[in-house]
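Proteins get letters first, then strands, A, B, ... in listed order; numbering begins at 1 in each. Worth saying up front: this structure is predicted, and the values here are computed from it rather than measured.
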Amino acid sequence: MPTIEVYSTLSRAKAPLVTVTPGHVGMYLCGPTVYKPSHIGHMVGPVIFDTVKRHLAFSGYRVTWVVNITDVDDKIIAESAARGTTMRALAEEMTADYLANLAALGVTGIDEMPKATDHIGTIIAFIEGLVAKGFAYASDGDVYFDVARDTDYGKLTNRSVEQMQGEGGATADRKRSAADFALWKRAKADEPSWDSPWGPGRPGWHIECSAMSKAILGETFDIHGGGLDLVFPHHENEIAQSESLHGRPMAAYWMHNGLMQAGSAAGKVGGRPRDGSADDAAAQAATKLSKSTGAEPFKNLLARHRPEVIRLLLLSTHYRSPIHFGEEPLQESARAMEAFERLFTRCERISGKPFHTLSHRDRRTGDAAVAAAGEEIAALRTRFLAAMDDDFNTAIAVASLFDFVRAVNKFIDQHGLESRKPPAELAALEARMLVLRELTGILGLFLGPPRVTAGADEGLVAKLMELVIEIRAHARKAKDFATADLVRQRLGEAGIVLEDRPDGTGWSRKG
RNA sequence: GGCUCCGUAGCCAAGUGGCUAAGGCAGCGGAUUGCAAAUCCGCCAUCGUCGGUUCGACUCCGACCGGAGCCUCCA
């Protein structure tokens with residue numbers, strides 16, 4: 001098995017991936033609180049970790065990937081009340097929205113999606129364990145984690161309890177220290193609640209991840225992920241809970257993805273202004289952002305942009321860096337992506353085989369088969385895989401793919417494969433495309449047939465285009481270029497681009 | 001104020017103590033084309049500023065300037 005380096009926020013360094021169970025990777029990603037339709041920011045983590053899983057699986061690991069759904073929370077309660085529906089109904093609706101978005105982006109690797117409300121018993125047992133060990137205390141129907149008892153509290157974010165000068169929020173009077181956080185919250189009137197040893201209530205925010213990751217992946221698992229915004233307090237508190245109860249590390253690697261930024265008014269998407277009066281500029285920027293393209297419901301974005309383009313854009317930046325997002329980057333990404341798709345259709349014209357139907361390989365069989373694709377391709381593949389092995393550097397991986405496209409186009413040009421098709425060269429071309437298929441598959445790109453933009457009339461349009469092109473071909477043959485150019489120009493105005501190639505004329509839709 | 005992180009070409013974005021600082025978008029020149037489109041070839045950066053360490057730094061250290069995130073359940 002190849003050595004894969006993984007950066008951990010906890011150690012602030014890369015280290016070779018050594019798994020708890022040989023050959024298996026347990027991976028937990030903090031999922032959404034389902035109270036609103038998801039936006040692009042919610043998709044970053046899933047796309048990145050889906051890619052991580054693909055690369056690990058490609059490399060020979062068995063991977064169990066868990067993404068939780070937080071379906072009990074203040075915001076869900078508030079939103080459902082505002083809408084006049086139940087927490088459960090709202091959560092189900094928003095979960096469905098989330099899942100649809102993931103599916104569109106090709107995030108298919110999630111093995112389990114536990115819901116907090118399905119694990120109340122597990123959560124209560126976890127809290128009881130902490131209380132029994134003296135790390136938590138009940139207070140007037142709430143249960144709090146006692147930060148003072150956790151000697152290494154703050155190790156993930158390099159904070160000390162003394163530094164935590166907060167006021168403790170609305171429940172400060174029930175806490176021993178302002179830094180203590182709720183494991184269990186007593187129910188207010190009309191709120192959904194569950195019975196517990198401390199009376200009716202519901203779980204605090206952090207506890208579900210500790211309890212569910214333990215239930216599914218065990219006390220210590222390999223990779224724990226989430227957005228950079230979750231490092232504190234969420235993941236810090238997860239560590240406190242889990243490691244205090246178990247006396248052993250919760251996760252070996254803490255991976256955090258960078259946050260989405262919209263346009264030049266950089267800032268997190270969907271965030272809240274900090275303190276209304278304190279910082280007007282910051283507050284305004286945040287408010288503006290929440291209405292910007294970055295924070296619109298993801299399905300609206302999908303109406304304008306193909307999911308593949310979005311996925312490519314997300315993977316073009318290193319996962320730990322902030323991602324600039326907006327219409328312009330998206331359009332740039334769309335143009336860049338066309339280079340791949342043109343190559344695919346070009347190869348399909350030559351070989352008759354659509355790219356997405358080519359077979360996949362794993363790393364071992366890929367290693368064995370590269371030689372047939374030639375030295376240059378082998379070198380590019382090595383570069384791609386080395387980048388992915390080095391903390392999943394998708395930016396370099398993507399860059400090597402563009403070089404790959406150029407190499408294949410050049411091969412086709414040099415051998416004139418569009419006009420003559422010697423079997424040896426055809427086989428060599430296919431060997432190259434199989435490698436490309438292998439590598440793009442790791443990124444979760446181009447797995448299905450290219451999306452056709454239009455609807456029912458496609459068949460008719462194709463027929464008509466065939467006719468127009470045929471008539472134009474007659475004009476060209478007769479050197480009537482005025483007519484030929486008029487046809488091409490008018491089609492261009494209608495959004496159709498003609499390409500006169502040695503073997504005939506092709507057409508495609510613009511944009 | 002505390003804790004993290006960033007500042008690379010017109011824009012986006014990788015990367016390294018010393019060979020030619022990836023890739024994309026845009027632009028320019030050439031090949032190809034009836035002309036285009038597509039494709040191919042070539043061109044386009046000394047790495048925020050100032051110091052320091054070093055034989056040598058864009059890469060390490062310090063200061064400064066500019067920007068971001070977290071410190072309030074936001075992926």
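Between the side chain of A/E418 and the main chain of A/R501, no donor-acceptor pair closer than 3.5 Å is present.
Closest to the side chain of A/D229, from the set B/A38, B/A75, B/A14, is B/A75. Out of B/C12, B/G69, B/U4, the shortest distance to the side chain of A/E332 is found at B/C12. Here the nucleotide nearest the side chain of A/A336, chosen from B/A13, B/G34, B/C25, is B/C25. The A/T33 side chain lies nearest to B/A75 when the options are B/C3, B/A37, B/A75. Nearest nucleotide to the side chain of A/N409, out of B/A37, B/C40, B/A22: B/C40. Checking B/A75, B/A68, B/C5 against the side-chain heavy atoms of A/Q261 singles out B/A68 as nearest. Among the nucleotides B/G34, B/A14, B/A13, the one closest to the side chain of A/H324 is B/A13.
Summarising the base pairing, B/C19 is matched to no nucleotide, lacking a Watson-Crick or G-U wobble pair whose two defining distances lie under 3.5 Å. Pair assignment for B/A31 gives B/U39, based on Watson-Crick or G-U wobble hydrogen-bonding distances that are each under 3.5 Å. Of the nucleotides present, none pairs with B/A45 by Watson-Crick or G-U wobble criteria with both distances under 3.5 Å. In a base pair of the Watson-Crick type (N1 to N3 plus N6-O4 or O6-N4) or a G-U wobble (N1-O2 and O6-N3), with each distance short of 3.5 Å, B/G51 is matched with B/C61.
For B/A13, neither phosphate oxygen OP1 nor OP2 lies less than 4.0 angstrom from any side-chain nitrogen or oxygen of A/H318. For A/K410 and B/C41, the shortest distance from a side-chain N or O to OP1 or OP2 is below 4.0 Å. Checking the phosphate oxygens (OP1, OP2) of B/C41, a side-chain nitrogen or oxygen of A/R406 falls inside 4.0 Å. In this structure, A/S400 does not reach the B/A22 phosphate: none of its side-chain N or O atoms is under 4.0 Å from OP1 or OP2.
To the nearest 0.5 Å, the span separating OG1 on A/T505 from CD on A/E466 amounts to 12.0 Å. Atom SG in A/C347 sits 13.5 Å away from atom CZ in A/R342 (nearest 0.5 Å). To the nearest 0.5 angstrom, A/R406 atom CZ is 10.0 Å from A/L380 atom CG.
Around atom NZ of A/K36, no more than 12 heavy atoms belonging to other residues, nucleotides or ligands sit under 6.0 Å away. Surrounding CD of A/E375 are at most 12 heavy atoms belonging to other residues, nucleotides or ligands under 6.0 Å away.
For a distance-only test at 3.5 Å, the side chain of A/N393 fails to qualify as a donor-acceptor partner of the base of B/G15. Between the side chain of A/R476 and the base of B/G34, a donor-acceptor pair under 3.5 Å is found. Side chain A/R488 to base B/C35: a donor-acceptor pair is found below 3.5 Å.
Rounded to whole Å, the separation between the P atoms of B/U4 and B/U8 comes to 23 Å. A gap of 25 Å separates the P atoms of B/A75 and B/C6, to the nearest Å. Separation of the C1' atoms belonging to B/U20 and B/C47 is 16 Å when rounded to the nearest angstrom. With both ends at atom C1', the span from B/C41 to B/U32 equals 11 Å, rounded to whole Å. Atom name C1', nucleotides B/G10 and B/C43: the rounded distance is 15 Å, in whole Å. Across B/U59 and B/U53, the matching C1' atoms stand 14 Å from one another, rounded to whole Å. Nucleotides B/G24 and B/A9 have their C1' atoms positioned 13 Å apart, rounded to a whole Å.
Taking atom CG of residue A/D389 and atom C1' of nucleotide B/A14, one finds them 17 Å apart after rounding to whole Å. One atom, CG of A/N257, and another, C1' of B/C5, lie 14 Å apart when rounded to the nearest Å. A/D403 has its CG atom 6 Å from the P atom of B/G24, to the nearest Å. In this structure, the CZ atom of A/R320 is 15 Å from the C1' atom of B/G69, given to the nearest Å.
Once the 5.5 Å centre distance and the 30° plane angle are applied, the aromatic ring of A/F402 is found not to be stacked with the base of B/G23.
In summary, the side chains of A/H256 and A/H235 do present a donor paired with an acceptor at a separation below 3.5 Å, with no hydrogens or angles considered.
The residue among A/L228 and A/K479 whose nearest nucleotide of RNA chain B is located toward the 5' end is A/K479.
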